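This report refers to the structure that appears directly beneath it.
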Amino acid sequence: MTVSRVAIMSSIRWAFNTRQWEPTVTDWVRASQCVQPEEKQRIGKFVFKKDAKSSMIGRLMLRKMLHRVTKIPYGEIKLGRTDKGKPYLMNTLPEACRQLSFNVSHHGDSVVLAAETEAEVGIDVMKLETPVGAKSISDFFHTMRRQFTEDEWVYIKSGNTEKEQLGSFYRLWCLKESYVKALGVGIGFEVKRLNFITGGDLTHAGGTICTTTVEVDGQSAKNWTFEETLLDNHCIAVALKTPLCTTQKLKIAPFEVITFDDLLADSKPLSEPDQVYGEEFIQKAERPTLQR
Ligand code: COA
Ligand code: MG
């Protein structure tokens, strides 16, 4: 197909709060009509409401962003997944946005998306909460010891309280995941090869900072930029890999909080309404909350 107009865009950052979203049967049916059948089926299999909601929002975010940026009619957008699971656009794009890169992440109460025309992008979000199933923080750190370098552990352990240490741990975790997700490699990449040198105080930044750098196998990786944000007790990292020849500095893109209505605003149903699918969602269990 031909795409006649391409929006001028370099960066999009969106965040959605799933805790504040309690979809009705009608909402869920409408949402399910806007995602591809295989995704609708995959989302239908989640046991807990929370997981289904997060994944659904991620898909709606992708479709809205792709429609907005590429101007491809909503119903014609076709997403595939690489063999490692990373979603990609199957439609052919004009030269102007051929470099479009995008990624979503969900954890806790947050679903986030980053899209870029000038860089490869990966995003990760983590809620700053006690890790599920951990006996204690030190026990948890022990099980994760192989994922971080000596210097990274020094940084984590330099926190005065367990809460501070956990905050630093999640900060590094998100950075590592965002890097791995930008490459699209998934499980199998040895994240200890990455040594993050955090710059700036994220807790008191009050916005997005991009002062952190990374060494890969001991070598400084100069073509990578990391945007870090704290949003509603969630830590977000966006990894941006620019071509080595690029001299242009990327602008920091702040997060825009979007709603379900925003997500559906330009949507078009891809399938007939499925009432049973909506009712099955309402029957799903709430995930047990963690008390500590
Ligand atoms: N690369 C990039 N993005 C991917 C991906 C991949 N290989 N596979 C899936 N995604 C996208 C999808 O949109 C997915 O959401 P969906 O399935 O609902 O569509 C979303 O990213 C999942 O990201 P997130 O919510 O952050 O989940 P996660 O942190 O559990 O998973 C993966 C991220 C997919 C990369 C993860 O499975 C993984 O492989 N991690 C290993 C890296 C590691 O060792 N980390 C330790 C850090 S200390
Ligand atoms: Mg993640």
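These figures come from a predicted structure and were not determined experimentally. For ligands, and for the atoms within them, numbers begin at 1 and follow the listed sequence.
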Any idea which N/O/S atom from D124 gets closest to the Mg ion (ligand 2)? OD1

Should R146 and E190 count as an ion pair when the cut-off is N to O under 4.0 Å? no

Answer yes or no on whether K176 is positioned over the face of F196, meaning its NZ or CZ is under 6.0 Å from the six-membered ring centre and within 45° of the axis. no

Starting from atom 22 (C) of ligand 1, what is the nearest protein heavy atom, named by residue and atom, and what distance separates them? K181 NZ, 3.8 Å

Is the Y155-F148 ring centre distance short of 6.0 angstrom? no

Do the rings of W28 and F281 sit parallel, tilted or perpendicular, given the 30° and 60° boundaries? parallel

Are S110 and N17 packed together at the side-chain level, in the sense that at least one heavy-atom pair is separated by less than 4.5 angstrom? no

Any protein heavy atom < 4.0 Å from atom 12 (C) of ligand 1: yes

Looking only at heavy atoms, is any part of L183 under 4.0 Å from ligand 1, and if so is it the side chain, the backbone, or both, or is it neither? neither

R42 contact mode with ligand 1 (heavy-atom cut-off under 4.0 Å): side chain

Looking at atom 26 (O) of ligand 1, would you say a protein heavy atom lies below 4.0 Å from it? yes

Identity and separation of the nearest protein heavy atom to atom 19 (O) of ligand 1: R81 NH2, 2.9 Å

Does NZ in K127 sit with more than 12 non-hydrogen atoms of other residues, nucleotides or ligands closer than 6.0 Å? yes

Is there a protein heavy atom less than 4.0 Å away from atom 7 (N) of ligand 1? yes

For atom 48 (S) of ligand 1, what's the nearest protein heavy atom and its distance? W173 CE3, 3.3 Å

D124 and S178 side chains, donor-acceptor separation under 3.5 Å: no

Only heavy atoms count here, so choose which of A182, G58, G85 is nearest to atom 10 (N) of ligand 1. G85

Would you call E39-R42 a salt bridge at under 4.0 Å N-O? yes

Given L194, V191, I43, D51, which one has a non-hydrogen atom that is nearest to atom 44 (O) of ligand 1? V191

In the protein, what heavy atom is nearest to atom 15 (O) of ligand 1, and what distance, to one decimal place, separates them? H106 NE2, 3.3 Å

Would you mind checking which non-hydrogen protein atom is closest to atom 3 (N) of ligand 1, with the distance to 0.1 Å? N103 ND2, 3.1 Å

Shortest protein heavy-atom distance from atom 4 (C) of ligand 1, along with the residue and atom involved: K86 CA, 3.7 Å

Heavy-atom pairs closer than 4.0 Å: do any link ligand 1 to the side chain of M144, the backbone, both, or neither? neither

Residue-level breakdown please: for P87 versus ligand 1, do any non-hydrogen atoms fall below 4.0 Å on the side chain, on the backbone, on both, or on neither? side chain

Do the two ring centres, one from W224 and one from Y179, sit under 6.0 Å apart? yes

So do the side chains of R171 and T212 get within less than 4.5 Å of each other, counting heavy atoms only? yes

L175 with L183, same ILVMFWY side-chain cluster at under 4.5 Å: yes

Using a 4.0 Å heavy-atom cut-off, which part of V104 comes near ligand 1: side chain, backbone, both, or neither? both

So which of H107, E177, M56, E39 gets nearest to atom 46 (C) of ligand 1, if we judge by its closest heavy atom? E177

Under 4.0 Å from a heavy atom of K84: which atoms of ligand 1 are those, numbered in the order shown and with their elements? 5 (C), 6 (C), 7 (N), 8 (N)

Could you tell me the residue and atom name of the protein heavy atom closest to atom 38 (C) of ligand 1, and the distance to it rounded to 0.1 Å? I187 CG1, 3.6 Å

Please tell me whether E116 and S11 have a donor and an acceptor in their side chains that are separated by less than 3.5 angstrom. yes

Could you check atom 18 (O) of ligand 1 against the protein and tell me its nearest heavy-atom contact, residue, atom and distance included? S55 OG, 2.7 Å

Would R63 pass as a cation-pi partner of Y74, given that its NZ or CZ must be under 6.0 Å from the six-membered ring centre and within 45 degrees of the axis? yes

